[in-house]
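What follows is a short report on a single structure.
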Amino acid sequence: TFISSATHYLEAPDLSDVDLIENKLRWDIPVGQKDSIFISLAGGYSSSDDLPLPQQFKLGGFFRLGAYYPDELSGSNYVFDNIGYLKCIGKLISGKNVYLGVWLENGGIYEKGSDLDIKSDLSIGFISSTILGPEFIGASYGENSRAVYYAGLGYYF
């Protein structure tokens with residue numbers, strides 16, 4: 001799946017004549033009958049090095065550098081990638097598959113290319129469909145012993 005967006009701000013509070021471009025690319029590669037490998041690449045660019053907070057790109061949170069809190073990292077430009085594996089480990093009483101997922105994430109926010117500081121983390125979790133929607137329980141572990149634990153309901157990727 002490839003998603004691309006481009007926005008041009010003619011004028012907004014604290015902002016004028018600025019372009020924002022963001023591209024996201026995702027592959028899901030089946031392995032056997034129920035397992036899969038997933039790979040994501042993403043990046044965002046702005047023509048300004050001083051964007052107001054509402055227009056800044058953000059990283060942090062589940063599947064966006066999970067060892068950081070949601071939107072903890074923000075800035076005018078970003079790069080991000082992840083690679084992971086989903087293994088079917090059984091079924092719920094409802095008959096829905098339960099998956100164990102493990103993935104590695106890398107990414108960074110920057111104002112100028114020389115400011116780029118890539119952060120990495122490793123995440124693990126259980127994912128399954130329920131009558132209320134997809135459910136996830138897991139954790140992300142990053143640099144400097146950062147750990148964030150997640151439990152959620154809804155679509156994540």
Side-chain angles (χ1 to χ4, degrees), residues 1-9 18-47 51 53-92 94-111 113 115-143 146-157:
T1 306
F2 177 71
I3 299 171
S4 184
S5 65
T7 305
H8 179 76
Y9 289 92
V18 172
D19 295 311
L20 297 175
I21 299 169
E22 185 173 25
N23 293 301
K24 298 177 182 179
L25 184 60
R26 180 177 167 92
W27 293 276
D28 290 295
I29 304 160
V31 177
Q33 292 183 358
K34 297 180 183 177
D35 303 346
S36 65
I37 293 172
F38 60 89
I39 302 168
S40 298
L41 302 172
Y45 164 81
S46 75
S47 60
L51 289 176
L53 186 61
Q55 282 76 29
Q56 290 180 5
F57 295 107
K58 295 163 183 75
L59 288 175
F62 186 62
F63 273 109
R64 299 278 292 172
L65 284 179
Y68 293 85
Y69 295 110
D71 301 340
E72 182 176 344
L73 307 171
S74 63
S76 299
N77 306 286
Y78 85 98
V79 293
F80 175 79
D81 68 71
N82 72 7
I83 183 168
Y85 189 79
L86 291 173
K87 170 78 176 154
C88 182
I89 59 170
K91 291 185 180 281
L92 296 174
S94 65
K96 300 289 186 178
N97 291 333
V98 176
Y99 293 89
L100 172 63
V102 177
W103 58 98
L104 175 66
E105 301 173 310
N106 303 287
I109 296 281
Y110 62 99
E111 302 307 319
D115 296 339
L116 180 59
D117 178 23
I118 297 292
K119 313 254 186 237
S120 299
D121 66 45
L122 180 65
S123 298
I124 186 167
F126 296 96
I127 302 166
S128 184
S129 290
T130 68
I131 59 172
L132 300 174
E135 184 176 15
F136 172 81
I137 298 170
S140 295
Y141 303 96
E143 300 163 350
R146 288 185 70 107
V148 176
Y149 303 94
Y150 292 95
L153 188 63
Y155 292 93
Y156 299 105
F157 51 123

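No hydrogens, no waters, no symmetry mates; every other heavy atom, side chains included, goes into these values.
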Within-4.5 Å side-chain heavy-atom neighbours: Lys34 and Asn97: yes
Close side-chain approach of Glu22 to Tyr78, heavy-atom, < 4.5 Å: yes
Lys96 NZ: over 12 foreign heavy atoms closer than 6.0 Å: no
Contact check, side chains of Asn106 and Val79, non-hydrogen atoms, under 4.5 Å: no
Shortest non-hydrogen contact between Arg64 and Lys24, atoms and distance: NH1-CE, 4.4 Å
Value rounded to 0.5 Å, distance of CZ in Phe136 from OG in Ser123: 7.0 Å
Pair Ser128-Glu135, side chain to side chain contact (heavy atoms under 4.5 Å, CB included): steps then yes or no: CA-CA 5 Å; Ser128 184; Glu135 184 176 15; 5.6 Å; no
Aromatic ring pairing Tyr150/Phe62, orientation class (parallel under 30°, perpendicular over 60°, tilted between): tilted
Residue pair Asp121 / Leu104: nearest heavy atoms and the distance that separates them: O-CD1, 3.2 Å
Ring center gap for Phe57 and Phe80 short of 6.0 angstrom: no
Note, Ser120 side chain near Glu143 side chain (heavy atom, < 4.5 Å): yes
Validation row: Tyr45, Asn23 side chains within 4.5 angstrom (heavy atoms): no
Criterion ring-ring contact (aromatic ring centres under 6.0 Å, His included) against Phe38, the qualifying member of Phe63, Tyr99, Trp27: Phe63
Separation between CD1 of Ile118 and CG of Leu116, rounded to the nearest 0.5 Å: 4.0 Å
Straight-line distance of Leu65 CG to Asp81 CG, nearest 0.5 Å: 9.0 Å
Flag if over 12 foreign heavy atoms under 6.0 Å of CD1, Ile131: no
Check: Tyr68 and Leu59 side chains under 4.5 Å, non-hydrogen atoms: no
Evaluation steps, side chain to side chain contact (heavy atoms under 4.5 Å, CB included), between Thr130 and Leu153: CA-CA 9 Å; Thr130 68; Leu153 188 63; 4.0 Å; yes
Ser76 backbone acceptor or donor facing Ser46 side chain under 3.5 Å: yes
Whether Lys119 side chain and Asp117 backbone form a donor-acceptor pair below 3.5 Å: no
Reported CZ-to-CG distance for the pair Arg26 and Asn82, which is rounded to 0.5 angstrom: 7.0 Å
Any Leu51 side-chain heavy atom under 4.5 Å of Leu20 side chain: yes
Salt bridge flag under 4.0 Å for residues Glu72 and Arg146: yes
Distance in Å, Leu25 CG paired with Ile39 CD1, rounded so as to fall on 0.5 Å steps: 9.5 Å
Distance, nearest 0.5 Å, that separates OG of Ser36 from NZ of Lys87: 11.0 Å
Any Asp115 side-chain heavy atom under 4.5 Å of Asn77 side chain: no
